[in-house]
Colleague: 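One structure follows; several queries about it will come next.
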Number of protein chains: 2
Amino acid sequence: MRMGRPREFDAETALDQAMEVFWRHGYEGATIAQLTEAMGINPPSLYACFGNKEGLLKAALDRYTKLRGAWMDEVVAARTARDVAERMLMGIADKQTDPANPPGCLLVQGGIACGTGSENVPFELAARRAQNEDQLRDRFVRAKAEGDLKSTSDPAALARYVSAVAVGMGVMASSGADREALRQVADVAVQAVEAQSTEVPAAS
Amino acid sequence: MRMGRPREFDAETALDQAMEVFWRHGYEGATIAQLTEAMGINPPSLYACFGNKEGLLKAALDRYTKLRGAWMDEVVAARTARDVAERMLMGIADKQTDPANPPGCLLVQGGIACGTGSENVPFELAARRAQNEDQLRDRFVRAKAEGDLKSTSDPAALARYVSAVAVGMGVMASSGADREALRQVADVAVQAVEAQSTEVPAAS
DNA sequence: CCAGATATGTAGTGTTCACTACAAATGTGG
DNA sequence: CCACATTTGTAGTGAACACTACATATCTGG
């Protein structure tokens with residue numbers, strides 16, 4: 001079979017640039033002109049490779065969640081539910097204020113509400129956030145089985161809670177909250193998980 | 001002085017309709033055509049009355065925060081910091097899933113990230129959220145002075161925490177979380193405030 | 001009842017949007 | 001070196017956007 005002219009740009013590198021634009025401006029706020037300029041390609045190359053704007057977003061989300069997934073694996077590897085929550089929320093405080101990236105979280109910045117014709121973008125983002133929540137819930141189910149969480153605790157509710165705090169921190173980060181402020185939020189938030197735990201680490 | 005032809009629509013009623021459109025679609029997702037249709041007026045009336053799209057958003061936000069402010073006064077009237085947090089977060093769980101309104105919170109749905117030319121819309125929303133946070137912080141400062149919160153607690157951090165949870169709940173509501181799910185989040189979240197409180201109501 | 005002032009409805013304005021036709025360029029298989 | 005497949009850059013496409021010119025309608029003050 002004939003192979004045709006080879007692509008002159010690296011898809012993953014280009015995706016990283018597109019991800020940053022979506023992250024900073026949201027799905028609707030990002031224009032094809034901004035995206036192509038950041039990616040260093042022309043519109044036809046973008047459409048040949050990713051289909052359309054929404055396809056590009058999904059590809060960027062795939063890449064984002066792939067990187068994020070590896071980190072979440074480390075998070076749930078913590079010893080106790082409390083440590084999982086702390087590792088996650090403290091990590092988020094750091095990541096969302098990392099100057100190497102736009103502030104906040106792409107899964108929130110991408111678009112909470114969208115206009116007619118883009119209704120499933122918020123849906124898509126919510127689905128990815130739900131994946132994280134599921135992973136947390138599974139971990140908390142295990143924690144309860146191990147007796148690490150009280151028998152009266154609800155792992156699903158706890159996971160939803162930690163997710164909600166994470167999202168809230170993302171919004172605060174995108175509106176200028178600094179790392180220390182987010183860490184304080186994380187610190188308080190962890191105390192709710194501690195309240196559901198059996199082994200309370202002898203607090204000073 | 002001559003008065004000219006009187007306006008044929010009620011500005012507040014029209015604002016309520018505009019608010020709903022912004023709430024559902026976000027600032028950038030809402031079009032002038034949608035807004036004017038919902039408001040029952042034509043574009044020239046809109047521009048004569050509110051200046052431009054951003055002016056309309058600000059007017060809608062003013063109205064939203066005015067209604068919200070009255071409710072926040074009730075919230076901070078609760079007896080203890082813990083009760084303030086509970087009243088606020090439980091109230092939010094109910095409000096953000098009230099079928100009379102779009103799900104979530106206008107101050108979040110309005111736009112977390114925006115495109116070039118609308119950069120100060122997220123700013124504007126953040127400023128309004130900060131007002132709520134300030135009100136909470138003042139209340140928690142008082143709670144600390146009254147000995148209701150531990151002497152080691154940080155009222156500003158607590159207020160930021162409750163705000164973050166509220167925002168997170170808003171995002172979850174807009175992506176379909178039901179009232180019960182949000183109440184569970186609120187319930188867990190309150191436990192962190194309890195952990196900072198001196199009078200622990202003898203939990204069952 | 002008239003003059004000035006403001007609101008309204010119709011019908012646009014220019015701009016920007018996501019997206020694409022098309023021809024030239026660049027590769028591979030025979 | 002040739003036929004074919006795919007990519008690339010140029011230069012647009014129609015549609016939708018926020019916003020407005022203008023003539024008409026409806027008020028008030030005198």
Side-chain angles (χ1 to χ4, degrees), chain A residues 1-15 17-19 21-22 24-61 110-111 113-122 124, chain B residues 1-15 17-19 21-22 24-60 110-111 113-121 124:
Chain A
M1 321 189 169
R2 283 62 184 274
M3 298 281 289
R5 177 175 176 174
R7 178 178 296 143
E8 291 184 2
F9 65 94
D10 177 59
E12 289 207 333
T13 305
L15 261 187
Q17 307 307 318
M19 192 169 75
V21 175
F22 281 132
R24 205 173 290 280
H25 299 290
Y27 174 75
E28 292 191 315
T31 68
I32 297 292
Q34 287 174 322
L35 290 163
T36 52
E37 187 186 346
M39 298 166 87
I41 62 178
N42 289 310
S45 299
L46 189 159
Y47 285 92
C49 190
F50 301 104
N52 56 19
K53 189 181 177 186
E54 195 168 331
L56 176 61
L57 174 72
K58 285 184 185 170
L61 289 177
C114 279
T116 310
S118 308
E119 293 91 349
N120 55 331
V121 167
E124 192 76 29
Chain B
M1 323 188 166
R2 282 62 184 274
M3 299 281 291
R5 177 173 174 176
R7 175 176 299 142
E8 291 185 3
F9 64 96
D10 177 60
E12 290 208 331
T13 306
L15 261 186
Q17 307 306 317
M19 191 169 76
V21 175
F22 282 132
R24 205 173 290 279
H25 298 291
Y27 175 74
E28 292 191 314
T31 69
I32 297 292
Q34 286 174 323
L35 290 163
T36 52
E37 186 186 348
M39 298 166 85
I41 61 178
N42 289 310
S45 299
L46 190 159
Y47 285 92
C49 189
F50 302 105
N52 56 20
K53 190 181 177 186
E54 196 169 330
L56 177 60
L57 174 72
K58 285 184 185 171
C114 278
T116 310
S118 308
E119 293 92 348
N120 55 333
V121 167
E124 194 74 30

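Note that this is a predicted model, so its numbers are computed, not measured. So you know, we letter chains A, B, ... as the sequences are listed, proteins then strands, and number each from 1.
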Colleague: How close do A:A14 and A:F9 get, counting heavy atoms only, and between which atoms?
Modeller: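 Shortest heavy-atom separation between A:A14 and A:F9 comes out as CB-CD1, 4.0 Å.
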Colleague: Let me spell it out: for each of B:A30 and A:R7, pick the nucleotide of DNA chain D with the closest heavy atom. Which residue's pick is nearer the 5' end?
Modeller: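 In this pair, the answer is A:R7.
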Colleague: Report the distance from atom CZ of B:F9 to atom C1' of C:dG9, rounded to the nearest whole Å.
Modeller: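 Spelled out: CZ on B:F9 to C1' on C:dG9 is 13 Å.
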Colleague: Rounded to whole angstrom units, what separation is found between the CD atom of B:E28 and the P atom of D:dA16?
Modeller: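 It works out to 18 Å between those atoms.
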Colleague: What's the shortest heavy-atom distance between B:V21 and B:A30, and which atoms?
Modeller: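 Looking at all heavy atoms of both residues, the shortest contact is CG1-CB, 3.7 Å.
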Colleague: Is there a side-chain contact between A:L61 and A:F22, using heavy atoms and a 4.5 Å cut-off?
Modeller: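 No, too far: nothing below the 4.5 Å cut-off.
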Colleague: On DNA chain D, nearest-nucleotide positions of B:R5 versus B:E54: which is more 5'?
Modeller: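 Mapping each residue to its closest nucleotide by heavy atoms, the 5'-most match is B:E54.
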Colleague: Measure the distance from CG on A:L57 to C1' on C:dA18 and round it to the nearest whole Å.
Modeller: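 The distance from CG of A:L57 to C1' of C:dA18 comes to 15 Å, rounded to the nearest Å.
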Colleague: Measure the distance from NZ on B:K53 to C1' on D:dA18 and round it to the nearest whole Å.
Modeller: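 So the NZ-C1' distance, B:K53 to D:dA18, works out to 8 Å.
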Colleague: Could you check which residues of residues 31-52 of chain B get a heavy atom under 4.0 Å from DNA chain C? Sort them by number, please.
Modeller: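 Correct list: B:N42, B:P44, B:S45.
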Colleague: With no hydrogens and no angle check, is any side-chain donor or acceptor of B:Q17 less than 3.5 Å from a backbone partner on B:L15?
Modeller: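 The answer is no, because no donor-acceptor pair under 3.5 Å joins these two groups.
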Colleague: More than 12 heavy atoms of other residues, nucleotides or ligands under 6.0 Å from CD of A:E37: yes or no?
Modeller: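 At most 12 heavy atoms, drawn from other residues, nucleotides or ligands, come within 6.0 Å of this atom.
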Colleague: Could you work out, with salt bridge (Lys or Arg N to Asp or Glu O under 4.0 Å) as the rule, every residue matching B:R7, not counting sequence neighbours?
Modeller: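 Per chain and number, B:R7 pairs via salt bridge (Lys or Arg N to Asp or Glu O under 4.0 Å) with no residue.
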